[in-house]
Amino acid sequence: MKIVKRHNISINMSSRIKIAELLTAGSPGQKVTVKGWIRTFRNNQFIALNDGSTNANIQVVVDFENTDPAELKRYTTGAAIRVTGDVVESQGKGQRIEITAKEIEVYGDCDAEVYPLQPKKHSLEFLREIAHLRFRTNTFSSVFRVRHALAFAIHQYFNNRGFTYIHTPIITASDAEGAGEMFRVSTLDPDKLPRNEAGEVDYTQDFFGKPTNLTVSGQLEAELGAMALSEVYTFGPTFRAENSNTTRHLAEFWMIEPEVAFADLNDNMDLAEGMLKYVIDYALKNCADDLQFLNDRLLEEEKSKPQNERSAMSLIDKLQFCLSNNFERITYTEAIEILKNSNPNKRKQFKYLIEAWGADLQSEHERYLVEKHFQKPVILTNYPAQIKAFYMRQDDPKEGVPGPTVSAMDILFPGIGEIVGGSQREERLDRLTAKMEEMHIPAKEMYWYLDTRRFGTCPHAGFGLGFERLVLFVTGMSNIRDVIAFPRTPGNAEF
RNA sequence: GCAUCUUUAGCUCAGUCGGUUAGAGCGGCGGACUGUUAAUCCGUAGGUCCUAGGUUCAAGUCCUAGAAGAUGCGCCA
C-alpha cells in the first residue's frame, strides 16, 4: 500500500511522530514516540497501531517476556497508547519497518468484552448505529480524510480565482426562497404559545419578533455579496425539513454556493465543471492511498452483486474518466427529444413516459441520460420556466423551443443524480417582479433582494453544489449517511 | 408521504415441507504457542428467534398489526 503523508510537521508536544510520516520517511536507527489506538494485538507480541493519519498501521513489537502479564492484558483492540522505542527493519513480511517498544503507556483501556469494534468486517448499517466510534474503521477514516481534502480543495479553487468566502446567515426570516420545507426557529414555549386578538400565534413575542427558520440556501444573500465583491461563495450548513427517505438526502447538509457578477450561463457551467474537476484531481493526487482503499472496498463489495448491477469502471477509473472528458452540455429541449426517442420510452419501460415538452424529468430519465445515453456527466440547460425558481433568468424565445425557458443548469452525475443546480439570475427588475407576482412571492418582504436590481444591477450567475453528494461520488460510498459524521434524517438526530 | 424487502448470540449469517435439545465463523473468557499479518490451535460461556396478537396437536418457520432498519419513488443539493 502506498502511504500518503499529508503534512510536514507532526503536531505534538513530546516529539510524537504521526504514523503516516513514520511509514513514509522513517528509517532504522531512529528513536521515536508514536501515539494511537490499537487495531489488533497478535501473538501476545505484535501491536498494530493506528493514529488516523493513514489506514496503514505501524507494527509495534512488544518484549512480552519482560513485560508484566497484567500489563499485556491491557493491550486490547481500541485501547489508546503511547509507544516509545526504536525503529528497526521488520523481520516479518508485510511492512518495511516496525518499532521495538522500549516503553508502552496505556492512556485509556478498552474493555474488549463490550467494545463493539472487532478486527473484522462490519456492516455499514451497524457502524451507522455507532457513529461515534466508526471513525476508527478504515472505511470511515478514509471517507473523512477524503471529505476534508475535498473541502480544502474547494476553498483553494475559489481562493485561486479571487473569490471571497462569505458567511451567510443560518437563521433567516425569509421563507420566500421556495427551496423546500423549513425548520422553525423559536424560543416560544410550544405548550404556552402567545396568541394575538385574532387567535393566531403572536410572533412579535418571539426572539426575533417574527417567524424565523433555518436556512435552506445562502444564495440570495450571496447574490448581494457578488454585487459588490464580484466573486463570492458560501460553504455552510443547510437545512431542509423534507420527509425524504433516500440514499442521497439529508435534513442537514453542507452546500457550496458561488455567485459571480458579470457572468452568464456559460461562465457558470465553466466554473462548475472546472471546480468539480479541480477538486477530484486534488483528491486523486492527495488521497491516493485512501482512494485506493475505497476503490478496493467497492470492488470487494460488488463481488456479491449480480454481474449486471456491477459498475463498468472502478472508482479510480471513474474519477479519472471524469477528469479527461468534457461534461455533455445539452438543453432540456434536446434532452426531451433524446428521451422521447429512447428505447425505454418507446417500450414503455419508464414509469413516467415522456410525452410532451414541459414535463419535469424524473430520476429515471436523468439516469438514462447520464448512465446509458452519454455515459458521462451531463449538464442540462434552459429548462421550462414553469418548473424552475423565480430568480432564474428568462430566456428570449427561440425557434424550435415550444415554451418559455430560463437560463438554468443542472449537472447530473452517474449514480448520484443532480449534484449541482444553478442558473444565470434574472437581473432585470421588471421581469423579476412580474415573475414574483406570478408565483405569489411577496416582493415587499424581499425589498433587500430587489434593491440589487434597482441599484446597479448586472448579469450574474451562480449555483449550489451539494457537498455530501460530491463526497459520495468521490468516495464511491452509496449512502449519503455514510459520508457525513452524524447524519440528520427524518426520525434520526442521534449523537 | 408511498411501495418493496429485512429483523435469529456482542458482530456477520445458516436454519429444509411447520416437528423433538436453534447452529457456524468472528468476538469474549480460560489455556497452549511465541516473528505474527483480521495469527494459529484446544476448551468454554453466551439466545425475549424485533414486539403484540392469531392459526395449529406443534411456530424461528404460516397469518394480522406495530416497531426498527434497508432499498426504490416523490421532493431536491
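Just so we're on the same page: letters track the sequence lines, and every chain starts at 1.
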Students often get this wrong, so: under 4.0 angstrom with heavy atoms, is [X] touching a base, only sugar-phosphate, or nothing?
| X | answer |
| --- | --- |
| V114(A) | nothing |
| F126(A) | sugar-phosphate |
| E65(A) | nothing |
| G92(A) | base |
| H249(A) | base |
| E364(A) | nothing |
| Q91(A) | base |
| R128(A) | sugar-phosphate |
| E257(A) | nothing |
| S244(A) | base |
| L250(A) | base |
| N57(A) | nothing |
| S90(A) | base |

Rounding to an integer number of angstrom, what distance separates [N] and [M] when you compare their [atom1] atoms?
| N | M | atom1 | answer |
| --- | --- | --- | --- |
| G19(B) | G30(B) | P | 40 Å |
| U56(B) | C41(B) | C1' | 48 Å |
| C11(B) | U71(B) | C1' | 22 Å |
| A68(B) | A58(B) | C1' | 30 Å |
| G72(B) | C63(B) | C1' | 27 Å |

* To do: May I ask you to check whether H155(A) and Y233(A) show a side-chain donor-acceptor distance below 3.5 Å?
  => yes
* Asked: With no hydrogens and no angle check, do the side chains of E221(A) and Y449(A) hold a donor and an acceptor under 3.5 Å apart?
  -> no
Partner lookup for [N], please. Criteria are Watson-Crick or G-U wobble with both distances under 3.5 angstrom; report none if nothing qualifies.
| N | result |
| --- | --- |
| C57(B) | G19(B) |
| C2(B) | G72(B) |
| U44(B) | G28(B) |
| A67(B) | U7(B) |

Protein-nucleotide distance ([X], atom [atom1]; [N], atom [atom2]), rounded to Å:
| X | N | atom1 | atom2 | answer |
| --- | --- | --- | --- | --- |
| N492(A) | A70(B) | CG | C1' | 14 Å |
| L353(A) | C73(B) | CG | P | 16 Å |
| E418(A) | G74(B) | CD | P | 12 Å |
| L470(A) | C76(B) | CG | C1' | 17 Å |
| F463(A) | C76(B) | CZ | P | 19 Å |

Between [X] and [N], is there a side-chain N or O to OP1/OP2 distance below 4.0 Å?
| X | N | result |
| --- | --- | --- |
| Q362(A) | G74(B) | yes |
| T246(A) | C75(B) | no |
| R42(A) | U36(B) | no |
| R367(A) | C73(B) | yes |
| R134(A) | C11(B) | no |
| N44(A) | U34(B) | no |
| K93(A) | A39(B) | no |
| T40(A) | A39(B) | yes |
| T247(A) | G72(B) | yes |
| Q118(A) | U12(B) | no |

Once hydrogens and angles are ignored, does a donor-acceptor distance under 3.5 Å link the base of [N] to the side chain of [X]?
| X | N | value |
| --- | --- | --- |
| E113(A) | G28(B) | no |
| E98(A) | G35(B) | yes |
| E125(A) | U6(B) | no |

Name the orientation class of the two ring planes belonging to [X] and [Y] (parallel below 30°, tilted from 30 to 60°, perpendicular beyond 60°).
| X | Y | value |
| --- | --- | --- |
| Y332(A) | W357(A) | perpendicular |
| F41(A) | Y75(A) | perpendicular |
| F126(A) | H122(A) | tilted |

* Asked: Would the F64(A) and F46(A) ring centres measure less than 6.0 Å apart?
  ->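 When the ring centroids of F64(A) and F46(A) are compared, they turn out to be at least 6.0 Å apart.
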* To do: Indicate, with yes or no, if the rings of F135(A) and F140(A) have centres closer together than 6.0 Å.
  =>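 Between F135(A) and F140(A), the centre distance exceeds or equals 6.0 Å.
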* To do: Establish, for the pair K318(A) and F473(A), whether the NZ or CZ atom is under 6.0 angstrom from the six-membered ring centre and no further than 45 degrees off its axis.
  =>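 Yes - K318(A) lies over the ring of F473(A), closer than 6.0 Å to its centre and within 45° of its axis.
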* Earlier contact from the 5' end, RNA chain B, for Y352(A) and M255(A) -> Y352(A)
* Specify the residue among F253(A) and P119(A) whose closest nucleotide of RNA chain B lies further upstream toward the 5′ end. =>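 Result: P119(A).
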With respect to the side chain of [X], which nucleotide from [options] is positioned closest?
| X | options | result |
| --- | --- | --- |
| N43(A) | U34(B), U71(B), C75(B) | U34(B) |
| K120(A) | G72(B), U34(B), A38(B) | A38(B) |
| F46(A) | A39(B), G35(B), G10(B) | G35(B) |
| R481(A) | A70(B), C75(B), A39(B) | A70(B) |

